[in-house]
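When a ligand or atom number is given, it counts from 1 through the structure's own listing order. Only this structure's heavy atoms are used, side chains among them; waters, hydrogens and symmetry mates stay out. This chain uses plain numbering: 1 for the first residue, then up along the sequence.
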Amino acid sequence: MRTQVAIIGAGPSGLLLGQLLHKAGIDNIILERQSGEYVLGRIRAGVLEQITMDLLKAAGVDQRAQAEGLPHDGIELLFKGQRHRIDLHGLSGGKRVTVYGQTEVTRDLMEARAAAGLTTIYEAKDVALHDFDGTSPSVTYTKDGQTHTVQCDFIAGCDGYHGISRKSVPEGAVTEYEKVYPFGWLGILADVPPVSHELIYANTERGFALCSQRSATRSRYYVQCSLDEKAEDWSDEAFWNELRLRLDPEAAERLVTGPSLEKSIAPLRSFVAEPMRFGRLFLAGDAAHIVPPTGAKGLNLAASDVGYLWQALREYYGEKSSAGIDHYSTACLRRVWKAERFSWWFTSLMHRFPDTGDFGQKIQEAELDYLVNSRAASTSLAENYVGLPMELAQLQGL
Ligand code: RFL
Ligand code: PHB
């Protein structure tokens, strides 16, 4: 088999890249280790920046996100038992975020890919990357006991944190920066109406909590938990009781509970691999960086990497220019590190840390008090939350 771009991974990064390249007339094949159903079964992100919506539009897959996504103009911060609204829209010069699940983004992209007749090989095992430091890279994989080879011009490593792409780079060519947090998030998805029409981020002495949503009838809630806990040890009732204890009295009263559709624990990590390009291999999304979910940046960063890669490959094939390819890693990493900083800061502000005790709690409450009462501090939160600007010629005039 031969293609222009071999994409490893059919998560949001790989699928979005595939669709954007297809629209630009650039041929691509996706190799995915899991089945399509498995990929769709993962419950993850819920908040999309405007830039992510613009990229979905450029890919021709924004119709359902526009129609069913919930525009949010603010978030609420809960501390010392009281909620305070941050006016994202007013403080960011008119921007907002859209609440629309990653599962739905993935489904829309998969359907568009199937409708366009593009090749995705699910359950591709033993994927291996070859010769990306030369001019003729290739990828091999096994399927149904047979080994196959895909010859290509470029490889896009969109295979997430545990993928093979980053691991294929020779040791010494990549520098990794990492911070692991001493807690996780226990998340629950349930068909109950959200407790509030906006997201609530709660700092409490019992730990962090987040009230999010997928629709007017489906809620997504999280509570900070310790890393040695197991999701199956938490009954639904225990989860709802713990969440209620972390809410203000009015929200606790309004909380509607019900059976969980999904329950899982996610560890929290900050991670960046530099650079993001190695010859003809590009890393994009979680393959190159991880943020703790507190700022809702992971999927959005994946989308902006893909935006830069789309631009670079269009320039390469259309204008015969390597400038975008040469600039890819620098352009992505500038944006990545700002989102890393924001996610680390928001995580540090909102969670209970085992080693800082009551002093740490008091300092957080003082910072939160400052944050909600200072226009300068609230503006900084708002402009980071809605997404920092991204210069991308292709998005002009959409
Ligand atoms: P993915 O989604 O991990 O997809 C990678 C794909 O590659 C496949 N793969 C392989 N394929 C072939 N060969 C191999 N050797 C392979 N190894 C792996 C995998 O099966 C998979 O299908 O990475 P991608 O596409 O870069 O997307 C990144 C996002 O999924 C991630 O950043 C977000 O989910 C993070 N995130 C959030 N991001 C936001 O922007 N807003 C949010 O509100 C938000 N909330 C969250 C989140 C992540 C969470 N968890 C569980 C980590 C909430 C949570 C709880
Ligand atoms: C979610 O809805 O899953 C979600 C929302 C906001 C976050 C993280 C996760 O910061």
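Here the shortest heavy-atom pairing between V195 and Y221 reads N-OH, 3.0 Å.
Under 4.0 Å from ligand 2, the heavy atoms of S212 that appear belong solely to its side chain. Only the side chain of W185 comes within contact range of ligand 2, with a heavy atom under 4.0 Å; no backbone atom does.
At the shortest separation from atom 8 (C) of ligand 2 among protein heavy atoms lies P293 O, 3.3 Å. Ranking protein heavy atoms by distance to atom 3 (O) of ligand 2, first place goes to Y222 OH, 2.6 Å. When hydrogens are left out, the protein atom nearest atom 6 (C) of ligand 2 is Y201 OH, 3.3 Å; that is the closest non-hydrogen contact.
Listed for the Q224 side chain is a donor-acceptor partner under 3.5 Å among the backbone atoms of R352. Looking at K297, its side chain does come within 3.5 Å of a backbone N or O of N384 through a donor-acceptor pair. With S329 contributing its side chain and M276 its backbone, the two residues share a donor-acceptor pair below 3.5 Å.
Annotation: Y201 is in aromatic contact with F346 [ring centroid separation under 6.0 Å]. Remark: aromatic rings of F132 and F154 are distant, center separation not under 6.0 Å. Checked against the 6.0 Å centroid threshold, Y222 and F208 do not count as a close aromatic pair.
A cation-pi contact links K179 to Y181, judged by a cut-off of 6.0 Å to the six-membered ring centre and 45° from its axis. Seen from the ring of Y161, R166 counts as a face-on cation partner, given the 6.0 Å and 45° thresholds.
Against a heavy-atom cut-off of under 4.0 Å, R44 is close to the following atoms of ligand 2: 3 (O). For ligand 2, the atoms lying closer than 4.0 Å to a non-hydrogen atom of L199 are 5 (C), 6 (C). Residue T294 has at least one heavy-atom neighbour below 4.0 Å for each of these atoms of ligand 2: 10 (O). Atoms of ligand 2 lying under 4.0 Å from at least one heavy atom of V47, given by number and element, are 5 (C), 6 (C).
Residue R214 places a heavy atom under 4.0 Å from ligand 2. Ligand 2 does not have Y100 within reach: every non-hydrogen atom of the residue lies 4.0 Å or more from it.
By the side-chain hydrogen bond (donor to acceptor under 3.5 Å, both in side chains) test, Y317 pairs with D153, sequence neighbours left out.
Within 4.0 Å of ligand 1, protein heavy atoms come from I8, G9, G11, P12, S13, L31, E32, R33, Q34, V39, R42, R44, A45, G46, V47, Q102, V127, C158, D159, G160, G163, I164, Y222, A266, G285, D286, P293, A296, K297, G298, L299, N300.
With Y177 as reference, W337 is the one residue of W337, F271, W344 to meet the ring-ring contact (aromatic ring centres under 6.0 Å, His included) rule.
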